[in-house]
Structure formats: C-alpha cells, structure tokens
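These notes concern the structure reproduced below.
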Protein chains: 2
Amino acid sequence: MKSTINAKDVAKLAGVSQSSVSRVYFEGAKVSEKTRRKVLAAAEELGYRPNEFARSLITNRTKIIGLVMKGVQNPFYPQVLTQFTAAFKKYGYSVLFVHTNNDEIETEDVETLLNYNVAGVVITDATMSLNVAESFRAHHIPLVFFNRKLSSSDFYSVCCNNLNAGRAIAEYLLMQGSANMAYISGNENTSTSLEREKGFSEVLALHNLEYKKHASDYTYGGGYATALDIIEAGELPSAFFVANDIMALGVLDALQKKGVAVPEQVKVIGFDNIEMASWPGYELTTWEQPIEKMVKETVKYLLSEMAGYTGSAQSVEVEGTLIKRKTT
Amino acid sequence: MKSTINAKDVAKLAGVSQSSVSRVYFEGAKVSEKTRRKVLAAAEELGYRPNEFARSLITNRTKIIGLVMKGVQNPFYPQVLTQFTAAFKKYGYSVLFVHTNNDEIETEDVETLLNYNVAGVVITDATMSLNVAESFRAHHIPLVFFNRKLSSSDFYSVCCNNLNAGRAIAEYLLMQGSANMAYISGNENTSTSLEREKGFSEVLALHNLEYKKHASDYTYGGGYATALDIIEAGELPSAFFVANDIMALGVLDALQKKGVAVPEQVKVIGFDNIEMASWPGYELTTWEQPIEKMVKETVKYLLSEMAGYTGSAQSVEVEGTLIKRKTT
DNA sequence: TTCACTTTTGCATACGTATTCAAAATATGA
DNA sequence: TCATATTTTGAATACGTATGCAAAAGTGAA
C-alpha cells in the first residue's frame, strides 16, 4: 500500500482534474453530482484521505482545538475533557491536550498551541497571564476560560453561576435550620471559590449571620486536613459549605474518623456533583454544575468566532441545581 | 502584528537565504555559528515560529501522538493521560486526545489519527480490531497497547506483570490466613482481568484451594452491586481479590452498608493504587501499577520506532508492588 | 601565494491542497 | 433553432517549509 495517495492520483483514476477532487472534499464548494460520484468511487478504491497539513497550510486554518487542563485529580475535569472532545468531534474538530502542572500555562505550551495554529483554545483549570491571552487575540485565535474568569475580564468565560449557587446554598442551609456555618474555600485566587463565597456571605449577611472561613485548596487532602484542624480546635459549626466535592469528601472522612455524625451534628454540602458524590459511602448533598450546557455554550462561541473572528468578550453564567442527598 | 511571518521574512532581515533559516530550525542541519546568530536575532525581532503544517507536509512526519482512551471514570486513566503528555512533551511531541465511548475505537477516530498522520499511537483503555491495527502498520505508524493486549499478539504492548501480581496477591492472602477466597473480575474480555485471575488461580490450585469467580465490569457501581449480591446470597468469602481499585471501593462500601467488618470478617485487596485507595475512609490494600515505568517503556519504544520503523512486536511486562493498608 | 579539500550557502524544486480565472459545458428563453 | 445566462471544469498558482545540488566561502598545507 502506497502511504501517500493524493488528490492527483484520484483525479487521474476518476478522469477529472485535481481541482475537482479538491472541491468534492471542500465543504460548500460546487461540484456536479456526476463528478462527485466519480471522485468518491475513485477515492474509495484508492483509500484516499485528504492531507490535513496541506489543507491547513493553504487555508491557514485548522480543525484542532487546544484544551488546557491542570487538575486531573479532581474527577470533575476528566469529565469536562471527554465532554469537550465529544462535542468538538461532532463538528469535525480534534482536541490537542495540554497539561500544565503550574497554575499558569507554561510558555512552552503556549508555543505549541501557536505552532499548531489551533482554531480555538479552552482553558479549564489553569490560568493564563494577560500577555499570553492578548497574544492569542493578536493571532485571532478565540479563547474561552471555562470555569474560571480572568481578572481583567475582557475575555470570554463560561461558568456556572457561582454567585447564585452560593446564595441558594446559604438559603437552603438556613431553611434546614443551620445558623452557625463555615465555608471551606478552594484556592483563594480562583474566581470560582471567591464567587461561591460571595453569594453565600451575601445571604448570611441579610440574616445578620456570621460565618467562619477556612482557606483550603480544592483537594481531598486539603479538605481532610482542614476539617481535622477545625474539629481539633473545637470549632465545629452546624454546617459546612465546601467549595468543591472532592474536598467535601475529605471533610466527610475527617468527620467520620472523629465520630462526628453527619447530618445530625454537622451538615455538609459540596459543589460540582461529581460521580463519587452519589456513592453510597458518601451520599453527599451538592450543587450540580451543568457541564453539558457549559460545554455547549463554549463550543457555540468558539464555532462562531472561528467562522468570523470578533474577539468579543462576555461572561456567560449557566444556572446549576441543588442535589439533595444524605449529608444535609 | 502580521499573523504570518515566514522564513523568507526572517531571511530578508537577517541577510541570508530562506534555506539557512530553515536549517537553523531543523535539528541536525549544518549552519555556521555566525548565521545562526543572525537568524535567531531576526526571528526574535519578528516573532517568527516555524509553521508546523508546512514542515509536516514536506517531511511527511509530525510531532503528534494519538492517545486513545475510554474510561475516564476510573481515576487511573486520567493519571496515565497526564503522565504521557508530560513524557512526550520532553521530546517535543504533543498529544491528540481521542475519546471513545465504545470499547472499540470508532472508524471516525481512526480516520482522524490517519488524517493527522500521527507519529505514533497509544491505546490505553480501548481495544482495536485487527484490521485497524494492521492499517496503522501499513502506514508505518507505531502502535502501543497500554495496559491491554491484543489477542493476536503481534503488536507491542506494555502492561504491569498481571500474572505475577495475581500470584503474589494469592500468596499474600494465603499468608494472612485466608482460605475461602473470591475474585471479582473486570470486563471479562480484557487481558488484564484474565491474567490477574490466572496468576491468582494458579497459586490457589497449588494449595488445592477453590475460589469463586464473580463477573463484574471495572466500575464502582459494578463492584458495589456484585458485593451486595454476594452478601445477600450468603456467599461471603474470607477475602476478596478485586480486579481494580475503583471496584474495590464499591465492594468496601457495600460491605460497610451491610455491616460486614473489614478486615476482620472479610479482607479486600484491589489493583492499581489510585489516589483514592489511600484515603482515610478506605485505606485499601492494593497492588501498585508502576505507571511511570510503564509510560517510560511506551515512550521509549515509540521514539525508537519513529526514528526508524521496524514494526517489531513485544509484550513488555513491568513489575508492580503490593501496598499494604488496612483492608487486609 | 596556490592548490586541494571541507564546510557553508543559495537556488530551485517538491510536498498536497485550495482557489482564481478563463474556458468549456450546460441550462434557459424566445 | 440560436443567443445568452449560468454552472461546472481545468490550468496555473500559492501556502511555508525541507533538501539535493552546485556554487561560494573557508581551511590548511606546501
């Protein structure tokens, strides 16, 4: 089998010109039904597939989306990854996966994205300096911050409505009769953690209630250690709002270890609704992030920007839902 | 900023030919130190980066590795994904992520990999028909099955030594005084589940011991349901060997729900050593798969095949380690 | 200096596709 | 039927790079 069958080969066999072959494979080009059939038959016979690199070279466009991710320890993100790949596949786009250890995407990875001239970029977990974000803009590469906002917010971002979620959670806990609450935060420089807290504190303030804030880091270990500290300091509240599920699981395990009854002594509510939250061992009440919708919004924007770049910025917020289980 | 600065632009500014610019960026080409400096200075000034697509078009090679994955619900695999991206990055390769829902990779995804003329392919979770695997061979694209073996084993595979692991686990449980054991399998057509069982049963047979096999599916829910069935049928053994950790966690939760004491009444041992196995709520004894080594072996093979294709097949088995915790 | 030899450079070309433009084919209308 | 409008086609070219080949530049010995 010859490894490189090109449009010219197909053209010869089909008895048409290379241009016609090209047109058959180019979305929206005009070809008569007759030549289309001839070309497809010849292509089938030869096992022809258009060379993506030649295409990209001449169109200066690609069908590759760069997806930047950091925290794969949190099961929420792998799920995001697969949903994105599935969603993009529908439109013929493939995903170039970029993993960063640091919070901020490394220059090397930025170069990769630029070298491959990706059609668009999704940043999930990680952050990106303003400089770098601007350089994508200069190249007219659309960019979406997924579940994060850049402080200078003239970039597009898609989030769950964290403010409303925080409010609803506070109201729910109040309704359940909790008065002495605590918030266990994620990494403190993330917009998600800050906004969840903001909504939460707003509502408590309306009821003239104080709450204690404990800084943590969005990891299981962090949640576990933080809860242990709180218990040992004798500062147990009547309810914990934990900034994400994986931390909340750590909190639950710490409570269990210390023999604190959930939800009788302490209520716990998480955020994300990862699969593990529904496990019989946990049955965690939580706030569901509507991943499908968020992904859909992201893809919609990227597709429209790829069709015609505007660089428009917006902060899209999708509403989530409270999932009541056994920890409240 | 002009979006497309090419080698000719750099050449003009540096006062050399386009070929010289090309040679500066081509690994192993000969350029004098003087022109190299001139070119790099000019490139820096213009913000030049070589166009990957033009490169790939002419060299007929790429720096893209296709990574095919199915089960992201099992935390083992996201970890594998990040380790691969990190390892490949060192050598300048990027990862094209392909997610498949079915066990077998879909034709559409195969086409994607071929269209992008990937330099190599890693199949982790999924399987691939012999036909498809052969077509990669026909294109001289090296292929590694990671943690899986194809039945017709003339393709390269890298696994943990599952046979030895199964043996060691049986011996360990025997030493702990268990006699009446049960194996909870993963998907039954996977080489991993079969080989783990084979080693396990070998050793038990040597001691003239029977064991009960329960078919399950490598998911938490599967482990949970299977264990519940066993308990309700009154068939509780003195020890469970569970084919992976995520299932073992389900088993532990089922046992806890039914008030079965672990390890007093039943011992449980898993496989993989995912992060959650070490959580205080579980403390699962398990078998550690040496991911780093497995990844390293895979990358080593792919790099050598990319340097010069041989299509050689081998079944590499890396030894794992028993991690003793509180469930045995 | 001259000559032989090695290294470096530039020219020209090729990779496989999309796209412009003019020519050819086809459809339309009277 | 012919003349005109419309659609389809093919030839030629461009995209940005790598590379074979020959010319140029550099090196070293005598």
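All chains are named by letter (A, B, ...) in the order of the sequence lines, taking the proteins before the strands, and each is independently numbered beginning at 1.
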Nearest-0.5 Å distance that lies between atom OG1 in A:Thr85 and atom CG in B:Asn101: 8.5 Å
For the student: nearest non-hydrogen atoms of A:Leu302 and A:Gly120, plus distance: CD2-CA, 4.5 Å
Centroid separation B:Phe155 to B:Phe136 less than 6.0 Å: no
side-chain contact (heavy atoms from CB on, under 4.5 Å), paired with B:Leu67, selected from B:Val80, B:Val98, B:Leu96, B:Thr124: B:Thr124
Over 12 foreign heavy atoms within 6.0 Å of NZ, B:Lys89: yes
Sidechain-backbone polar pair: A:Glu305 side chain, A:Gly311 backbone, donor-acceptor under 3.5 Å: yes
Residue whose closest nucleotide on DNA chain C lies nearer the 5' end, A:Ala7 versus B:Ser17: B:Ser17
Spacing of OG belonging to B:Ser17 relative to NZ belonging to B:Lys12, to within rounding of 0.5 Å: 14.0 Å
Of A:Ser22 and B:Ile58, the one whose closest DNA chain C nucleotide lies more 5': B:Ile58
Donor-acceptor contact below 3.5 Å, side chain B:Ser22 vs main chain B:Gln18: no
Write out a two-atom table: protein N or O, nucleotide N or O from nucleotides 20-25 of chain D, distance below 3.5 Å.
none

Nearest-Å distance for atom pair CG/C1', residues B:Asn60 and D:dT19: 14 Å
Greater than 12 external heavy atoms within 6.0 Å of A:Tyr91's OH: no
Between D:dA14 (P) and B:Asn6 (CG): distance, integer Å: 14 Å
Spacing of CG belonging to A:Asp272 relative to OH belonging to A:Tyr77, to within rounding of 0.5 Å: 7.0 Å
Parallel, tilted or perpendicular, as decided by the 30° and 60° cut-offs, for the rings of A:Tyr156 and A:Tyr301: parallel
Nucleic acid contacts - residues 28-44 of chain B versus DNA chain D, non-hydrogen atoms under 4.0 Å: none
Touch class at under 4.0 angstrom, heavy-atom based, for A:Val16 against every strand present: sugar-phosphate
Leading and trailing nucleotides of DNA chain C with any atom under 4.0 Å from heavy atoms of chain A: C:dG16 to C:dT20
Touch class at under 4.0 angstrom, heavy-atom based, for B:Thr59 against every strand present: sugar-phosphate
